[in-house]
Number of protein chains: 2
Amino acid sequence: MNATPQWLSPAEQDAWRSFIRLHQKLTATLVRDLQANCKVSGADFEILVALTDTPDGRQRFQDLAKSIDWEQSRLSHQIARMCKRGLVAREECAEDGRGAFVVLTAAGRDTIESAAPHHVATVRRLVIDPLGPDDLATLGRISSRILTQLDNG
Amino acid sequence: MNATPQWLSPAEQDAWRSFIRLHQKLTATLVRDLQANCKVSGADFEILVALTDTPDGRQRFQDLAKSIDWEQSRLSHQIARMCKRGLVAREECAEDGRGAFVVLTAAGRDTIESAAPHHVATVRRLVIDPLGPDDLATLGRISSRILTQLDNG
DNA sequence: GCAATACTCTTGATGCGTCATGGATATCCT
DNA sequence: AGGATATCCATGACGCATCAAGAGTATTGC
């Protein structure tokens, strides 16, 4: 039932390896840039951005996890670390005794407000500008296509 | 000296977020697939593939690190873990007292030979087939472009 | 009511990745 | 030759990601 060739053709292999390599190198570069210039990890940044998206900088654990597609326990560990550094705080949930809120602190807000412009500038320089609008749109379209496939199993 | 707009336009943001999301989800899926079906991590797989690329499954630390673009200490830690599980072994280097070789063991060879076909099939199913040759080539081209930018700083 | 079940979050163990540091050997320079 | 320097690899500390297990609280169904 498997008529497709087992190995990748040279052209497929080229494309795939470029993509994987890009994948690894871009992540490493962006994370390093954030850490060196803004003292936040990629994980910190993602949490802070997600919290900033809500008007009061407060979100239930569950909702936050869903909005950034993280597993519960990963979020729990991450929030524990960020609490220790004062970037966010926990709050109990009145309506549901099991639940809890994550709240952006003043320090957290300061951090993200100074980190975000720097990060955007880096993304522009490394990705958006070298590609130009057409290729960027193509990249977005291709990404969505693969994402759909991933979501369908 | 910064005439470019600070934030991303909605179109830019869409494309960028799709790409990042793809990035994260694809990695997670592939790693999980390898771990669940073949009992190897992504890091294990990368090492084993690189070693298989040489005729005798032996490589100096340094050369291995360069060929997969890893930091030296990352490789050292990884090899230590893989030694413990018997996938590779260390060998001293006669010509250079500081140096060392990493050698594929029989168990390591078995592992990669059973994992590789499975992995290729997954990559086909999730990425190569849904894209088709043209989009795959485009993805490769775009990836190379960004990689060049990364390498130039 | 209340027992069974489901939900929400936490915790501990383990592997991975980076940084800073260090020990050993080789090479270079005078 | 011998000291300075560079190269090669190892190690420890710390943060991050996943998995398995668990504690407390709500909900469901009888």
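A note on names: the letters A, B, ... follow the listed sequences, proteins ahead of strands, and every chain is numbered from 1.
- Counting to the nearest Å, the P atom of C:dT8 and the CG atom of A:Leu64 are 14 Å from each other.
- Using a cut-off of 4.0 Å between Lys/Arg side-chain N and Asp/Glu carboxylate O, B:Arg32 and A:Glu71 are scored as salt-bridged.
- Following rounding to the nearest Å, B:Arg74 (CZ) and C:dA20 (P) show an atom-to-atom distance of 17 Å.
- B:Gln24 has its CD atom 13 Å from the C1' atom of D:dC16, to the nearest Å.
- Nearest nucleotide to the B:Arg98 side chain, out of D:dA10, C:dA24, D:dC16: C:dA24.
- Using a 4.0 Å cut-off, no side-chain N or O of B:Gln72 falls inside it from OP1 or OP2 of D:dC8.
- For B:Arg81, taking side-chain heavy atoms from C-beta onward, the closest of the listed nucleotides D:dT25, C:dC16, D:dC16 is C:dC16.
- Computed from coordinates, the A:Arg60 CZ to D:dA26 C1' distance equals 11 Å when rounded to whole Å.
- Centre separation under 5.5 Å together with a plane angle under 30° holds for the ring of B:His77 and the six-membered base ring of D:dT11, marking them as stacked.
- Dashed line: the shortest gap from a side-chain N or O of A:Ser41 to OP1 or OP2 of D:dG15 is not under 4.0 Å.
- Partners of B:Glu113 by side-chain contact (heavy atoms from CB on, under 4.5 Å), not counting sequence neighbours, listed by chain and number: B:Arg109.
- Spacing between atom CD of A:Glu91 and atom P of C:dC9 amounts to 14 Å, rounded to whole angstrom units.
- Position along DNA chain D of the nearest nucleotide to A:Glu71 versus A:Gly42 favours A:Gly42 as the more 5'-ward residue.
- Comment: B:Arg81 does not engage B:Asp44 in a salt bridge, judged by the lack of any side-chain N to carboxylate O separation of less than 4.0 angstrom.
- Closest contact between the side chain of B:Gln62 and the listed nucleotides C:dT11, D:dC16, D:dC9 involves D:dC9.
- Of the candidate nucleotides D:dT25, C:dC9, C:dT18, D:dT25 has the atom lying nearest to any side-chain atom of A:Asp96.
- As a whole-Å value, the separation of B:Ile79 CD1 from C:dC16 C1' is 13 Å.
- Side-chain N/O atoms of A:Arg32 include one lying less than 4.0 angstrom from OP1 or OP2 on C:dC19.
- Comment: B:Asp151 engages A:Lys25 in a salt bridge, judged by a side-chain N to carboxylate O separation of less than 4.0 angstrom.
- Ranking C:dC19, D:dC9, D:dC16 by closeness to the B:Ser73 side chain, first place goes to C:dC19.
- Atom CD of B:Gln78 and atom P of C:dG15 are 11 Å apart (whole Å).
- Note: CZ (B:Phe101) to C1' (D:dC9) measures 14 Å, nearest angstrom.
- Of the two residues contacting DNA chain C, namely B:Leu75 and A:Gly99, the nearest-nucleotide position lying further toward the 5' end is that of A:Gly99.
- Annotation for B:Trp70: hydrophobic cluster partners, listed by chain and number, are B:Leu34, B:Val40, B:Phe45, B:Ile47, B:Leu48, B:Val49, B:Leu51, B:Phe61, B:Leu64, B:Ile68, B:Leu75, B:Ile79, B:Met82, B:Leu87, B:Val88, B:Val102, B:Leu104, B:Ile112 (ILVMFWY side-chain heavy atoms under 4.5 Å, direct or chained).
- Proximity note for A:Arg90 (side chain, C-beta onward) versus D:dA10, C:dG17, C:dT10: the nearest is C:dT10.
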